[in-house]
Asks: 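Just dropping this structure here.
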Number of protein chains: 2
Amino acid sequence: MTVTIKDIAKASGVAPSTVSRVIADNPAISQATKEKVRQVMADLHYYPNYNARRLASRKSRTVGIVLPAASDAFYHNPFFPTVLRGINEAASQAQYALLLSTGEGDQTRLDHLQNMILGKQVEGLIFLYASREDPLLQFALSQDCPLVVIGNLPGIDVNRVDNDNPAIAYQATRHLIKRGAKKLAFIGGDPKQQFVKERLAGFSQAMEEAGLDLADGAVYNDLPFLQSPGYELARRELLKKDFDAFVFADQLLAEGAYQAMRQLGLDPSWMVTFKAYSDPDLGQIEGYPYFDLHSQDLGYQAMQVLLEVLAQAEDAHCHRYIYQCVTSDFISNE
Amino acid sequence: MTVTIKDIAKASGVAPSTVSRVIADNPAISQATKEKVRQVMADLHYYPNYNARRLASRKSRTVGIVLPAASDAFYHNPFFPTVLRGINEAASQAQYALLLSTGEGDQTRLDHLQNMILGKQVEGLIFLYASREDPLLQFALSQDCPLVVIGNLPGIDVNRVDNDNPAIAYQATRHLIKRGAKKLAFIGGDPKQQFVKERLAGFSQAMEEAGLDLADGAVYNDLPFLQSPGYELARRELLKKDFDAFVFADQLLAEGAYQAMRQLGLDPSWMVTFKAYSDPDLGQIEGYPYFDLHSQDLGYQAMQVLLEVLAQAEDAHCHRYIYQCVTSDFISNE
DNA sequence: GTGAAAGCGCTAACAG
DNA sequence: CTGTTAGCGCTTTCAC
């Protein structure tokens, strides 16, 4: 029924291995036979079977995308589609396929990850989140599965790509201070997230350097990364205490707070945040300054790093961990 | 090196085929041997190789996700991650894997799709967009690849899931008219998109029924589905002509226009749109009413329909096309 | 209930 | 440059 490599071999009077080599565009094959074989392949509508190929070569040319446990906070954040687009782009160029790690619950996610790794479905992984105690990461590491993490995990040796969070938070804070802010608040959301810690560090450093001290209760945590908590917080707290400027570690929290500020007729240019991407045409509209984290590039670089890791694993080179820093742009309409 | 089914067979004193049956939980195998074999599998850390399994069984248990050509408009829209989450959930439950159709350019996308189908990588496809002349869809159809489209393609027989666009646009328009709107504008964006046509139809019907007529130039097209064009349009056009209410076919265009209205101190409750999801806590914040399209459910149902199609393909049942309508909720804080 | 044997469609030494 | 020969690890008749 299906036309296989053997059919092509017979029809073009060569051996199956020759056909295989033609498919791989092996330089050892003469141009003449290549053309002949290709012609036959076209005539017979031959198409290589990926499963057979993967089995025989023990290479899947597929990478797994590992998502955190499903939550609104993750799926509502522009980070996810943006970074995925970047990964997609790089994977496509390198002829790699992307397999999504499905699964809502924690156990399911681990099961799926095991399927991927132990079932030889993927050659490597990209983690779209960084979490220190993550059982999925632990498992992947324990299996020596090549991987790259988007984010930072101090003390854990992994390949990773990330923005320079302390530096951008520092600059963002400096921006507000230079404009004259004295009583700043930092809205972190979840202090267990490494990027929150790092942005807080940058914030604190800028404060300290400017001789400003952190008022009691000026650091807000325990907020899911969504719009409504930002909105609620702004109405309930921030705008009642006499803060004069705000650094939001998360884009969605910032957006919620922005709504509240608009409603109350407050000037949003006293807040700053970090976004997955920027719409250049939107420059004049954005009510507040932010860092464009270039999340698409983050994804693209993550895939590039993984490809490098995969290549060096093959050449059995030394095991050096790669860290790729992705730059960010400060966007302000002042 | 790797422990295979044969090793298990030897170690537990049965035939490879028996081990295979144990993996599949075949009822023909006695409980006793099942347990014995499973014990050995655990002891030896056996894990089935998916590529071998897929090759031998000629079933991939994988579905391909087909995305439109990469564009900001697609990746910036909450529709994509939301619908993907729903697909993910259903796929996970059914033990299906998801393969993303990578590719930026049109030719690349087609190539990848061919790889997926002809290379036997997927059993079916979910199209995250509906486009009449789409070469990818044409190709998939020509190969009789089981598929479901999210959206509508009148005149083309395909399995699909969708919202009832005419009905919700009708209701949205009615809402504005009941409130007293007389001069309404419809901001479509791209009239080639089927959902825009359908929402326009619902809009027009409501207008007609109310005895209102469409002013010249009251239908806006040729706008990318992004925030900034919505913003620009609102500032440049909408708010200068004396429209008193607006129906936005697209969420992002609406968001842009909303910014403009806020800046100009206008009441946004005279606009209405359609969103991928709603944040229940955000009810009081939202400045304008909208339909929640339940895009996550759209994705979930799409996967369910595909599973049905796959099942009935196996049973060689009659070829009936499935249409699954997903309900939407009107969200308004009035 | 279980085993033997024949593939699934391709790759990869090893020859020549 | 090309052919021969073994597999890759699993599923699936068909026997018994």
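Note that the structure is a prediction, hence the values are computed from the model and not measured.
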Asks: Could you give the start and end, 5' to 3', of the contact zone on DNA chain D for chain B, using atoms under 4.0 Å from its heavy atoms?
Replies: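 In short, chain B contacts DNA chain D from dG9(D) to dC14(D).
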Asks: Between K34(A) and N26(A), is there a donor-acceptor pair closer than 3.5 Å when you use the side chain of the first and the backbone of the second?
Replies: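 Yes, the answer is positive, given that a donor and an acceptor are paired below the 3.5 Å cut-off.
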Asks: Please name the residue in the list N159(A), L141(A), I126(A), V309(A) that meets the side-chain contact (heavy atoms from CB on, under 4.5 Å) test with L147(A).
Replies: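 Answer to the side-chain contact (heavy atoms from CB on, under 4.5 Å) test with L147(A) among N159(A), L141(A), I126(A), V309(A): L141(A).
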Asks: Does anything in residues 110-119 of chain A reach DNA chain D, meaning a heavy atom under 4.0 Å, and if so which residues?
Replies: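 Correct list: empty, so none.
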Asks: Does a donor on one side chain sit under 3.5 Å from an acceptor on the other, for N51(B) and Y50(A)?
Replies: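 No - no donor-acceptor pair under 3.5 Å links their side chains.
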Asks: Between the main-chain N or O of V37(A) and the side-chain N or O of S12(A), is there a donor-acceptor pair closer than 3.5 Å?
Replies: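 Pair absent, no side-chain N/O of S12(A) close to backbone of V37(A).
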Asks: Sort and list the pairs that fulfil side chain to side chain donor-acceptor pair (under 3.5 Å) and have at least one residue in residues 59-69 of chain A, not counting sequence neighbours.
Replies: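 Every pair satisfying side chain to side chain donor-acceptor pair (under 3.5 Å) with a residue in residues 59-69 of chain A: R54(A)-T62(A).
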Asks: Over 60° means perpendicular and under 30° means parallel, so classify the ring planes of Y277(B) and H76(A), tilted if in between.
Replies: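 Taking Y277(B) first and then H76(A), their aromatic rings lie parallel (interplane angle under 30°).
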Asks: Within a 6.0 Å radius of atom CD on Q95(A), are there more than 12 heavy atoms belonging to other residues, nucleotides or ligands?
Replies: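 Open: at most 12 neighbouring heavy atoms sit under 6.0 Å from CD of Q95(A).
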Asks: Between S101(B) and L67(B) (side chain of the first, backbone of the second, donor and acceptor by atom type, cut-off under 3.5 Å), is there such a pair?
Replies: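 Answer holds: yes.
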Asks: Within the 4.5 Å heavy-atom criterion, are Q31(B) and E35(B) side-chain neighbours or not?
Replies: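 Heavy-atom side-chain distance check passes, below 4.5 Å.
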Asks: When you measure from every atom of DNA chain D, which of residues 25-42 of chain A have a heavy atom less than 4.0 Å away?
Replies: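 When residues 25-42 of chain A is checked for heavy atoms under 4.0 Å from DNA chain D, the hits, listed by number, are A28(A), I29(A), S30(A), T33(A).
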Asks: Is there side-chain contact between I117(A) and F139(A), with at least one heavy-atom pair below 4.5 Å?
Replies: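 The answer is yes, as the side chains (C-beta and beyond) meet within the 4.5 Å cut-off.
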Asks: Counting C-beta onward and ignoring hydrogens, is there a side-chain heavy-atom pair between R132(B) and P154(B) closer than 4.5 Å?
Replies: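 They are in side-chain contact.
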Asks: Q296(B) and Y75(A): side-chain donor and acceptor closer than 3.5 Å?
Replies: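 There is no such pair between these side chains.
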Asks: In the 5'-to-3' direction, what one-character label does each nucleotide of nucleotides 9-16 of chain C receive under the scheme B = base within less than 4.0 Å of a protein heavy atom, S = sugar-phosphate only, - = no such atom?
Replies: BBBBBB--
Asks: Among I87(B), N88(B), L125(B), which residue meets the side-chain contact (heavy atoms from CB on, under 4.5 Å) test with I65(B)?
Replies: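 Among the candidates, only I87(B) passes.
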Asks: To the nearest 10 degrees, how far apart in direction are the end axes of the helix from dG1(C)-dC16(D) to dG16(C)-dC1(D), each fit to five base pairs?
Replies: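 That helix has its two terminal axes inclined by roughly 30°.
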Asks: Side chains of D7(B) and Y46(B): is there a donor and an acceptor less than 3.5 Å apart?
Replies: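 The criterion, which ignores hydrogens and geometry beyond distance, is not satisfied for Y46(B) and D7(B).
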Asks: Given side chains that start at C-beta, do those of L118(B) and Q143(B) come closer than 4.5 Å, heavy atoms only?
Replies: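 They are in contact (side-chain heavy atoms under 4.5 Å apart), so the answer is yes.
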